[in-house]
Amino acid sequence: VAGVQRIRIIIPYSPRRAFLPFHGRKKRWAVLVCHRRAGKTVACINDMIRAAATCQLQDGRFAYIAPLYNQAKDVAWTYAKRYSAPIPGVEFNESELRIDYPNGARLRLYGADNPDRLRGGYLDGVVLDEYADMVPSAWGEVIRPMLADRQGWAAFIGTPKGRNAFWEVWERGQAEPNWFAMMLRASESGLLLASELEEARREMTPEQYEQEFECSFTAAILGAYYGREMAEAERSGRIAHVGYDPALPVHTAWDLGMGDSTSIWCFQVGPSELRVIDFIESHGQPLAYYVGELQARGYKYGDDWVPHDAKVRSLETGRTRVETLVGLGRSVRVVPDHRLDDGINGARVSFPRIWFDADRCRFGLEALRQYRTEYDEKTKAYKNTPKHDWTSHAADAFRYMAMAWKQLTPPTKPTDAIAELLKPRTWGEIFANEDDAVDG
Ligand SMILES: Nc1ncnc2c1ncn2[C@@H]1O[C@H](COP(=O)(O)OP(=O)(O)O)[C@@H](O)[C@H]1O
Ligand SMILES: [Mg+2]
């Protein structure tokens with residue numbers, strides 16, 4: 001065609017053989033389950049660079065998303081620059097982690113910890129790297145709608161982390177025709193030296209090795225605080241349909257984020273069990289928003305339990321958050337101050353008596369499943385502090401709920417009270433009770 005110049009650009013990337021089918025895919029959706037160090041980040045960054053640099057649409061828009069912004073910045077940004085550098089006329093914007101290609105296309109790197117940065121625009125292609133670690137709502141709420149305008153594509157990439165949202169994508173990818181699905185196990189890929197794998201096997205538990213190198217989704221989530229409790233709750237059918245009982249007040253337990261996320265568990269205290277009937281989480285919203293959400297549900301409320309620091313005066317409003325909630329007509333109680341590990345233990349002890357509504361608590365339950373200790377790459381061990389990520393807020397609020405439950409005396413069943421009256425008693429017991437009544 002007249003006026004079109006053909007140039008040959010050499011990108012310093014030679015794909016690993018295992019990733020050739022991925023690069024050659026014709027499907028709109030893709031899911032790649034790969035072992036650690038398979039080269040999945042390198043492969044998906046290069047896949048996007050090609051898509052962006054050869055994009056025929058006007059102003060092509062592409063996004064690479066890591067679970068945390070810093071991960072995108074530390075690893076993927078280096079790759080993206082290295083492999084884009086030979087393209088003449090390419091421009092790098094360091095502060096926005098954005099690459100502009102001469103055809104007007106842009107590739108930008110994001111963290112799912114701040115999905116709002118993404119909101120508003122459209123996308124022609126997106127890669128979700130380490131999807132198993134990502135806040136599951138980012139896809140449906142933010143990313144998927146952005147692909148609608150121009151029929152954009154998406155690739156979900158990662159290493160398994162139990163049966164979470166990534167597993168669901170993997171299941172779906174294998175079942176539906178519009179998907180490219182591929183699993184890459186270390187024993188089959190030949191990408192890592194046998195000696196490397198042997199060493200890893202010696203350093204890890206068999207379960208860890210299965211997960212990280214053999215792509216096992218069935219391994220429990222490593223370092224998960226409530227892993228065993230959640231599995232037990234599922235096995236014994238306590239994650240079910242737990243409806244609202246109008247005869248009992250609905251209490252709430254809040255983790256209050258400032259600019260951050262706020263999580264709320266809604267629960268009812270039964271005769272011998274805690275019924276968790278609802279869960280709310282959002283971010284960047286004022287307290288009035290949450291109160292509105294609660295009112296819209298139409299429950300009859302008891303107390304709102306908030307953490308100790310809700311008594312701290314805000315510099316902005318000059319009021320404490322307790323005062324703000326009271327001003328909004330709520331009945332507020334403060335959870336007793338406690339140490340984090342005592343709180344977690346308390347929550348674990350309560351677990352066998354907790355029932356959850358599977359639908360309404362879906363997000364919170366996923367957070368509880370994945371709430372885990374931080375892995376220290378240097379010492380190759382789990383620290384005894386929780387990893388701070390999208391699971392933290394729901395998990396903290398859950399801990400407050402368990403603390404609150406301890407404070408609330410469960411109402412005695414009327415049948416129990418009658419049985420109590422009919423129970424044969426000695427004269428001594430009867431007189432002892434009468435004495436109590438007189439003194440009290
Ligand atoms: N096609 C490739 N050619 C050369 N080196 C590669 C290639 N793919 C990956 N690597 C190297 O292998 C290592 C792991 O790659 P990475 O993509 O970060 O792995 P993963 O994301 O699967 O853990 C990095 O050092 C990377 O530079
Ligand atoms: Mg990677």
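When a ligand or atom number is given, it counts from 1 through the structure's own listing order.
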Task: Phe351 and Phe398 aromatic ring geometry - parallel, tilted or perpendicular at 30°/60° bounds - done: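 Taking Phe351 first and then Phe398, their aromatic rings sit tilted (interplane angle of 30° to 60°).
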Task: Ring geometry between Tyr299 and Tyr244 (parallel below 30°, tilted from 30 to 60°, perpendicular above 60°) - done: tilted
Open item on the list: Determine whether Phe62 and Asp124 satisfy the following criterion, side chain to side chain contact (heavy atoms under 4.5 Å, CB included), listing intermediate values before the conclusion.
Closed with: CA-CA 6 Å; Phe62 298 86; Asp124 295 303; 3.9 Å; yes
Open item on the list: Quick test: of every protein heavy atom, which one is nearest to atom 20 (P) of ligand 1, and how far off is it to 0.1 Å?
Closed with: Lys40 NZ, 3.5 Å
Open item on the list: Donor-acceptor pair, distance only, cut-off 3.5 Å: does the side chain of Arg16 make one with the backbone of Ala43?
Closed with: no
TODO: Please check if the side chain of Arg185 supplies one atom and the backbone of Ser216 the other of a donor-acceptor pair under 3.5 Å.
DONE: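 Judged by distance alone, no pair lies under 3.5 Å.
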TODO: For Thr41, counting its heavy atoms only, list the atoms of ligand 1 lying under 4.0 Å from any of them.
DONE: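 Matching atoms, with element in brackets: 17 (O), 21 (O).
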Task: Sub-4.0 Å atoms of ligand 1 with respect to non-hydrogen atoms of Tyr13 - done: 1 (N)
Open item on the list: When you compare ligand 1 with Val75, is there at least one nitrogen or oxygen pair between them that comes in under 3.5 angstrom?
Closed with: no
Task: Polar proximity ligand 1 side, Ala43 side, N/O cut 3.5 Å exclusive - done: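 In fact, backbone or side chain, Ala43 has no N or O that close.
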Pair [X] + [Y], salt bridge at N-O below 4.0 Å:
X	Y	answer
Arg201	Glu212	no
Glu199	Arg202	no
Glu94	Lys81	yes

Open item on the list: Measuring from atom 7 (C) of ligand 1, which candidate in Arg36, Arg82, Arg16, Arg17 has the nearest non-hydrogen atom?
Closed with: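 Looking at heavy atoms only, the winner is Arg16.
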Open item on the list: I'd like the name of whichever of Pro15, Ser14, Ala38, Cys34 reaches closest to atom 1 (N) of ligand 1 through any heavy atom.
Closed with: Ser14
- [ ] Work out how many protein N, O or S atoms lie closer to the Mg ion (ligand 2) than 2.8 Å.
- [x] 1
